[in-house]
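Here is how names work: the chains are called A, B, and so on, in the same order as the sequence lines, proteins then strands, and each is numbered from 1.
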Amino acid sequence: MKQRLSTLMVAAVMTASFAAHAQQPAKKAPPPAKAAAPAKKEGITAEFEKFREVLEEDNPAELFEAKGEDIWKNKKGPGGATMAQCDLGLGAGVVKGAYVQMPRWFADVGQVMDAERRIVHCMVKYLGYKEEDIRKQPFSNDQRTPDHVSVITYVAAQSRNLKIAAPQKHAKEIEAYRIGKEIFAYRAGPYDFSCATCHGDDGKRIRTQDLPNLRKPAEAVKAYQGWPGYRMTGGFMLTQQWRMNDCFRQQRFPEPTYLSDSITALLAYMTVTANGQVYKGPGIKR
Amino acid sequence: MTAMKKTVVCAAAALACSAVLADEIRNYRAEAVAMMKRDFKTRGIATADRVHEDGLQAVCNRTSDNPPKDIAARLERDQLEAVKYPTDGKLMGDWKAGEKLAQSGRGMTWSDKAGVPGGGNCYNCHQISPTETSFGTIGPSLYQFGKIRGNTPEMQKYAYGKIWNAKAFNLCSAMPRFGHAGALTESQIKDLVALLLDPQSPVNSK
């Protein structure tokens with residue numbers, strides 16, 4: 001634990017120094033209209049990539065992985081049920097490679113489920129968690145990381161360095177992908193935004209934040225890669241469902257229900273688009 | 001209803017009809033919209049009815065943001081006719097207030113409070129003043145906007161109208177219709193016009 005704490009402190013110092021670095025260019029003399037700006041941006045990105053590489057040697061997400069593993073392997077529900085009974089699509093209790101093969105059709109519930117939805121389903125079914133409690137706080141904040149987020153982190157880590165391979169065999173899996181593709185392009189709300197407004201072209205950014213073009217495999221994996229992700233600002237884990245939720249907030253949409261069909265469909269579209277790319281495991285975010 | 005408006009409605013309907021012919025698109029689109037209407041809920045000021053597309057959004061959604069030119073031109077004209085210009089005839093406000101506004105990315109999300117004025121969100125997508133190096137690239141650079149174009153009454157009117165309703169000039173533009181949507185007030189838009197066109201604004205500094 002001591003070693004772990006020191007790692008986290010190193011991470012914190014790095015975050016701070018990165019933040020300081022990131023602000024420096026603002027004090028510099030104004031650049032000419034166009035040419036200088038992208039170069040500066042690449043500088044920041046490259047700098048951050050360096051820190052990220054160092055951090056991923058000893059990713060703070062591992063703390064949550066460990067907690068999730070403990071829940072998966074040792075926690076018992078009413079009547080002694082465990083997550084060993086949970087089928088993530090590759091058979092009861094099989095975790096290896098399961099994360100990168102969802103969303104998928106689950107015959108037992110007659111639904112396509114994304115990883116987060118399936119894991120929560122199992123935690124309710126086998127470990128006795130109450131769905132209404134999970135829905136009360138679905139996402140981590142600086143006060144508390146819900147147990148299901150740790151389990152998701154553990155399950156995701158068990159797909160590290162495996163190829164993303166969301167299935168498109170069952171008619172409902174194909175349907176989820178097709179509907180997700182439509183949701184991605186659907187403009188509405190007071191700002192007329194769709195997902196594609198920000199994520200439909202190459203090389204765009206908001207402020208200094210790069211925006212992957214989620215219609216392309218090599219770019220879609222960049223978005224997939226980061227989640228679940230350890231957010232250095234705040235120091236907690238956030239999941240794909242959180243990412244979708246916060247995108248819709250910024251899109252000026254109403255709030256999507258947690259674990260709803262719309263989000264599963266959108267994740268099906270994004271994951272299938274990233275199929276064939278290698279998932280590097282729980283990520284680190286600024 | 002004027003004859004011209006009728007033509008536009010018919011044209012829009014014909015467009016929808018041609019989309020309907022593509023069977024696959026119709027099914028998945030309709031299912032996606034029905035699903036979203038079911039799954040998206042009011043939170044704070046972001047009310048559930050926001051997932052319903054309006055007429056312009058419907059045309060852009062059905063044509064992948066690429067409507068036939070004649071239809072786009074007619075609908076753009078309609079949008080332009082609806083722009084509300086200030087009654088006092090003054091279109092330029094305070095560029096300093098405009099710069100502050102351009103910095104703010106707030107407004108109309110479920111975490112924004114009702115009644116609190118929103119921001120312009122400008123730097124999210126545009127380069128503007130040369131002193132701000134954290135800017136997005138979804139929209140074009142606006143650096144030197146007034147220097148290049150001057151600040152004639154016509155240019156002021158164009159800039160005001162563009163911010164009030166970007167779709168009056170480019171039907172399926174990625175830019176929000178800030179005035180039309182009630183996201184910015186008349187005086188806020190004036191301040192943004194000044195940021196772009198006032199010779200004193202850093203946007204136009206050499």
Using non-hydrogen atoms and a 4.5 Å limit, figure out which bit of [X] sits close to chain B: side chain, backbone, both or neither.
X: A:Glu175; answer: both
X: A:Phe248; answer: both
X: A:Asn245; answer: both

Minimal non-hydrogen separation, [X] against [Y], with atom names:
X: B:Glu53; Y: A:Tyr186; answer: N-OH, 3.2 Å
X: B:Ala32; Y: A:Glu182; answer: CB-CB, 3.6 Å
X: A:Glu255; Y: B:Trp110; answer: CA-CZ3, 3.4 Å
X: A:Arg187; Y: B:Ser173; answer: NH2-O, 2.6 Å
X: A:Ala265; Y: B:Met35; answer: CB-SD, 4.4 Å
X: A:Arg252; Y: B:Gly105; answer: NH2-O, 3.0 Å

| field | More than 12 heavy atoms from other groups under 6.0 Å of NZ on B:Lys37 | value | yes
| said: Quick check on B:Lys162: does its NZ atom have over 12 non-hydrogen neighbours (other residues, nucleotides or ligands) under 6.0 Å away? | reply: yes
| remark: From the list B:Asn61, B:Thr42, B:Thr47, B:Ile45, the residue making the most non-hydrogen contacts under 4.5 Å with chain A is B:Asn61
| query | With chain A, which of B:Met175, B:His52, B:Arg38, B:Lys167 has the greatest number of heavy-atom pairs at distances under 4.5 Å? | reply | B:Lys167
| Does A:Arg205 use its side chain to pair, donor to acceptor, with the backbone of B:Phe135 at less than 3.5 Å? | yes
| said: Which one wins on heavy-atom pair count under 4.5 Å against chain B: A:Thr257, A:Asp192, A:Thr197, A:Ile206? | reply: A:Asp192
| query | For chain A, which residues of residues 178-192 of chain B have at least one non-hydrogen atom nearer than 4.5 Å to it? | reply | B:Phe178, B:Ala181, B:Ala183
Check: [Y] and [X] side chains under 4.5 Å, non-hydrogen atoms:
X: B:Asp39; Y: A:Asp261; result: yes
X: A:Thr208; Y: B:Ser134; result: yes
X: B:Pro176; Y: A:Phe193; result: yes

Sort [X] into side chain, backbone, both or neither according to what part of it lies under 4.5 angstrom from a heavy atom of chain A.
X: B:Asn124; result: both
X: B:Asp49; result: neither
X: B:Ser64; result: neither

| Distance in Å, A:Arg249 CZ paired with B:Thr109 OG1, rounded so as to fall on 0.5 Å steps | 5.0 Å
| message | For the CG atom of A:Asp246 and the OG atom of B:Ser111, what is their distance to the nearest 0.5 Å? | response | 7.5 Å
| All pairs passing side-chain hydrogen bond (donor to acceptor under 3.5 Å, both in side chains) where residues 214-229 of chain A contributes a residue, at least two apart | A:Asp202-A:Lys216, A:Glu219-A:Lys222
| task | Take B:Met108 and A:Tyr191 through the side chain to side chain contact (heavy atoms under 4.5 Å, CB included) test and state the conclusion after the steps. | result | CA-CA 9 Å; B:Met108 297 204 124; A:Tyr191 279 17; 3.9 Å; yes
